[in-house]
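Numbered from 1 within each chain, the chains take letters A, B, ... in sequence-line order.
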Protein chains: 2
Amino acid sequence: MSDLLERLRGRGWRMTAQRRVVAEVLDGEHVHLTADEVHARAVGRLPEISRATVYNTLGELVSLGEVLEVATDKRAKRYDPNAHQPHHHLVCAQCGAIRDVHPIGNPLADLPDSERFGFTVSDVEVTYRGTCPNCAAA
Amino acid sequence: MSDLLERLRGRGWRMTAQRRVVAEVLDGEHVHLTADEVHARAVGRLPEISRATVYNTLGELVSLGEVLEVATDKRAKRYDPNAHQPHHHLVCAQCGAIRDVHPIGNPLADLPDSERFGFTVSDVEVTYRGTCPNCAAA
DNA sequence: ACTTGACTTAGACATTGTCCATTGTAGGAT
DNA sequence: ATCCTACAATGGACAATGTCTAAGTCAAGT
């Protein structure tokens, strides 16, 4: 189940109740929680966990490369534990629902040298926007 | 010069000193200011302009489709007046510098139906990340 | 020049995120 | 099993960004 926890243990990450709970909350696919949502769920399992710890832990998971920050929402950052399979996002403009998607082709190759302005380009993030079936029905 | 102001007048937008100043500050290419930066520059020309007015005006420009919100930065929203020429962004991961870029191909066509989950997909936003020449030299 | 509805203002408030000094604890050493 | 110690957690202040409201002001039509 918890691939994330396994990987973290394997990397010698010091395990505490708080860190375990944060990792458990984040584990899964199509999971894109904000820091506050992670905190709310973590509190459900470990009521005394503090906001600062959740932020610290999320920051560490990002540094370790086990979780990605995504900016699909224009308000809070969201955290995506699916860091080991490259993917992009499809976002509902109305309700904010997010799905992981896998476009064909490699967008990195689509940026000609003449459009790189001397940058060393290392990464690309693609966000598709639209309306989800639920919102379309309403 | 001010295409943006021209267009706004043409649409019957009620013109006030504050709105004119905000539009002037935003006008140009490769302009990607945060709301606070817009406010700071607007204050330079019209010291009594309030923060709320800048936020309101930016929100209206976005609603009118004359300015785009971009989420390249993970902190504040940025406002891009280059709304009438489709483009994407190239961001320096270190200093945050932003350039408008025009990749070849159409990323919308690269998302197969099987990856659309019933969404009606209307838009795509591509953000390239890398290191700009300045930061690479340092 | 009026009148009126839309615009602006200042500042309180809300949300999201960061920092720091103190207290607690995981995990190795004894 | 217990003790140490470096690392982690806490909570509360602070910072940055954004939203709202009540009251005053003004652009534009008549």
Is it true that a side-chain atom of [X] and a backbone atom of [Y] form a donor plus acceptor pair closer than 3.5 Å?
| X | Y | value |
| --- | --- | --- |
| A/Glu115 | A/Pro112 | no |
| A/Arg45 | A/Val22 | no |
| A/Thr53 | A/Ile49 | no |
| A/Arg51 | A/His39 | no |

Are [X] and [N] close enough that a side-chain N or O sits under 4.0 Å from OP1 or OP2?
| X | N | answer |
| --- | --- | --- |
| A/Thr53 | D/dA9 | no |
| B/Tyr55 | D/dT19 | no |
| A/Arg75 | C/dG17 | no |
| B/Gln18 | C/dT9 | yes |
| B/Arg51 | C/dT9 | no |

Any chance CZ of B/Arg41 has more than 12 other-residue heavy atoms, nucleotides or ligands included, within less than 6.0 Å?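 No - once you tally the heavy atoms of other residues, nucleotides and ligands closer than 6.0 Å, there are 12 at most.
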
Measure [atom1]/[X] against [atom2]/[N] and give the value in whole Å, please.
| X | N | atom1 | atom2 | result |
| --- | --- | --- | --- | --- |
| A/Leu58 | C/dT18 | CG | C1' | 14 Å |
| B/Lys77 | D/dT17 | NZ | P | 13 Å |
| B/Leu46 | C/dT8 | CG | C1' | 11 Å |
| A/Glu37 | C/dG17 | CD | C1' | 15 Å |
| A/Glu69 | C/dT16 | CD | P | 15 Å |
| A/His39 | C/dT16 | NE2 | C1' | 13 Å |
| A/Leu33 | C/dT16 | CG | P | 13 Å |
| B/Glu48 | C/dT8 | CD | P | 12 Å |

Please list, for nucleotides 22-24 of chain D, all pairs of protein and nucleotide N/O atoms separated by less than 3.5 Å.
none

Fit a plane to each ring of A/His89 and A/His87, take the angle between them on a 0 to 90° scale, and name the class: parallel (under 30°), tilted (30 to 60°) or perpendicular (over 60°). perpendicular

What bend angle does the helix from C/dA1-D/dT30 to C/dT30-D/dA1 show across its length, from five-pair end axes and to the nearest 10 degrees? 30°

Pair B/Arg7 + B/Glu66: basic N to acidic O under 4.0 Å: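 Answer for the salt bridge query: yes.
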
Pairing of B/Arg19 and B/Glu60 as salt bridge, 4.0 angstrom limit: yes

Note, A/His88 side chain near A/His102 side chain (heavy atom, < 4.5 Å): no

CG/A/Leu58 to CG/A/Leu33 distance, rounded to the nearest 0.5 angstrom? 9.5 Å

If every non-hydrogen atom of B/Pro81 is compared with every non-hydrogen atom of B/Gly28, which pair is closest and at what distance? CG-O, 3.5 Å

Matching residue for B/Tyr128 among A/Asp123, A/Leu108, A/Val126 - test: side-chain contact (heavy atoms from CB on, under 4.5 Å): A/Leu108

Protein-nucleotides 27-30 of chain C N/O pairs closer than 3.5 Å?
unit_1: C/dG27; atom_1: OP1; unit_2: A/Met15; atom_2: N; d: 3.2

5′-ward residue of the pair B/Ala52/A/Glu60 relative to DNA chain D: A/Glu60

